[in-house]
J.: 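Next up is a structure, given as structure tokens.
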Amino acid sequence: MADWFAGTARDLPWRDADCSPWGILVSEVMLQQTPVVRVLPVWREWLERWPSPAHLAADPSGAAVRHWGRLGYPRRALRLHAAATAMVADHGGAVPSTYDELLSLPGVGTYTAAAVAAFAFGRRETVVDTNIRRVHARVFGGSALPAPALTAAEMKRATELLPADDALSVQWNAAVMELGAVVCTARSPLCDACPILDACSWVAAGRPAPDYVPKGQSWAGTDRQVRGAIVAVLRDAEMPVPRSILLESPVDLSMGVPAASGHALRPAALTTLHGLQAPAEQLERALAGLLADGLAEDAEGGIRLPG
DNA sequence: AAGACGTGGGA
DNA sequence: TTCCCAAGTCT
């Protein structure tokens, strides 16, 4: 595994020896449910713009959301901003190095806390993400997929598998994760390229199909879709957008938003939002949820990203 | 402890 | 075209 990782691992910027703990933390949060290829350009822009937690904390949270672009789950940007603020307030502006301190930061759960402690600080932690779970399920469990939810038994197994040496444990975590990401994939695993093919109990069992059907997330017609459309409008808006234009009036955008209205909007996002034809009740609920998450509303009912 | 929470590319 | 799903977290 060590040789395989050393020889074939992807050359990702957050794996560079000189990448800061902050750079690694940002990458881990961006990579939550988002593919590497889409994270890459946004990560670079973030690190250039905000080279430390203090730099991000000095800007309004709305800036974090704007520069999050279309990575998805924009609340992650809000939480990263909150985490930066917490690091300035409680850790002298530095990324904390222990699992418990990391876990206490907004948006940092068990996976991310372990990953940052391991990859940024060289600590021996049991890192368990979807890739590692799948590799373990196949190699040691003989199943095509891990259980729907992380189990205590899985954590126990992962901990028992972890090399005792700190440095080796870090490399082990990275290697198993990489294997799951590029070879032992969910869809069509590249078993021919697997360095531990002979040790895989799933392959030995004839690669049996999954014993359950993962339930997919619905999308069309959901609040999430509406929230996404609203944030897309706000992300590109230079000024607060009146509630009326955002979700009430069936604005005719054929000629663009009237300059006299004073709202520098890009019609495309607004058209998409209105094109959803969502019930007024749902629009209100989606907006309320976004405001609760941190969107701002001025005295005149203008909706905008904070800052 | 299920379900909410975005997005876009590949199969 | 539709469905799947990618380094999860929070409630």
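The model shown is predicted, which means the values in this text are computed figures rather than measured ones. So that the names make sense, note that chain A is the first sequence line, chain B the second, and so on, each numbered from 1.
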J.: Using the rule ring pair (Phe, Tyr, Trp, His ring centres under 6.0 Å), only one of A:W50, A:W22, A:W14 pairs with A:W43; which is it?
T.: A:W14
J.: Identify the two heavy atoms, one from A:A84 and one from A:L56, that lie closest to each other, and give their separation to 0.1 Å.
T.: CB-CD2, 4.0 Å
J.: Taking the minimum atom-to-atom distance to the side chain of A:R70, which one of B:dG6, B:dT7, B:dG3 wins?
T.: B:dT7
J.: Round to the nearest Å and state the distance from A:Q33 atom CD to B:dG8 atom C1'.
T.: 14 Å
J.: Categorize A:V29 for me: base, sugar-phosphate, or nothing, with a 4.0 angstrom heavy-atom threshold over every strand shown.
T.: nothing
J.: Taking the nucleotide of DNA chain B with the closest heavy atom to each, which residue, A:R75 or A:R187, is nearer the 5' end?
T.: A:R75
J.: Say we look at B:dG8 and C:dT1: how far apart would their C1' atoms be, to the nearest angstrom?
T.: 15 Å
J.: Could you state the atom-to-atom distance from CG of A:L31 to C1' of B:dG6 in whole Å?
T.: 15 Å
J.: For A:R76 and A:Q33, test the side chains for any donor-to-acceptor distance below 3.5 angstrom and give the result as yes or no.
T.: no
J.: Just to be sure I understand the rule, does A:I24 reach a base, reach only the sugar-phosphate, or reach nothing, if contact means heavy atoms closer than 4.0 Å?
T.: nothing
J.: NA contact type, A:I132, heavy-atom cut-off 4.0 Å: base, sugar-phosphate, or nothing?
T.: nothing
J.: How is A:G109 classified with respect to the nucleic acid when contacts are heavy atoms under 4.0 Å: base, sugar-phosphate, or nothing?
T.: sugar-phosphate
J.: Determine the Euclidean distance between corresponding C1' atoms of B:dA1 and C:dT11; express it in Å to zero decimal places.
T.: 10 Å
J.: Which pair of non-hydrogen atoms, one from A:V88 and one from A:A54, has the smallest distance, and what is that distance?
T.: CG2-CA, 3.7 Å
J.: Are any side-chain N or O atoms of A:R15 and backbone N or O atoms of A:F119, one a donor and one an acceptor, separated by less than 3.5 Å?
T.: no
J.: What nucleic acid atoms does A:A115 come within less than 4.0 Å of, heavy atoms only: base, sugar-phosphate, or nothing?
T.: nothing
J.: Is a donor from one side chain sitting under 3.5 angstrom from an acceptor on the other, for A:E45 and A:H67?
T.: yes
J.: On a whole-Å scale, what distance lies between the P atoms belonging to B:dG9 and C:dT9?
T.: 25 Å
J.: Whole-Å distance between B:dA2 P and A:Q217 CD?
T.: 15 Å
J.: Report which part of the nucleic acid A:D293 touches: base, sugar-phosphate, or nothing (heavy-atom distance under 4.0 Å, all strands).
T.: nothing
J.: Heavy atoms under 4.0 Å, any strand shown: does A:T222 hit a base, just sugar-phosphate, or nothing?
T.: nothing
J.: Treating Ile, Leu, Val, Met, Phe, Trp and Tyr as nodes and any side-chain heavy-atom pair under 4.5 angstrom as an edge, say whether A:F140 and A:V183 lie in one connected cluster.
T.: yes
J.: Within less than 4.0 Å of OP1 or OP2 of B:dG6, is there a side-chain N or O belonging to A:R227?
T.: yes
J.: Can you tell me how far C1' in B:dG6 sits from the matching atom in C:dC5, rounded to whole Å?
T.: 13 Å
J.: side-chain contact (heavy atoms from CB on, under 4.5 Å), that's the test. Do A:F121 and A:V95 meet it? Break it down for me.
T.: CA-CA 10 Å; A:F121 298 103; A:V95 175; 4.1 Å; yes
J.: Tell me, please, the opening and closing nucleotides of DNA chain C, 5' to 3', among those with an atom under 4.0 angstrom from a non-hydrogen atom of chain A.
T.: C:dC4 to C:dC10
J.: Under 4.0 Å, counting only non-hydrogen atoms across every strand here, what does A:W14 touch: a base, just sugar-phosphate, or nothing?
T.: base
J.: Assuming nearest nucleotide by heavy-atom distance, tell me which of A:T110 and A:P214 is located more 5' along DNA chain C.
T.: A:P214
J.: Round to a whole Å and report the spacing from OH of A:Y73 to P of B:dG3.
T.: 14 Å
J.: Mind checking the P distance from B:dA4 to C:dA7? Whole angstroms is fine.
T.: 23 Å
J.: Scan A:R38 against the nucleic acid and name what it touches under 4.0 Å (heavy atoms): base, sugar-phosphate only, or nothing.
T.: base
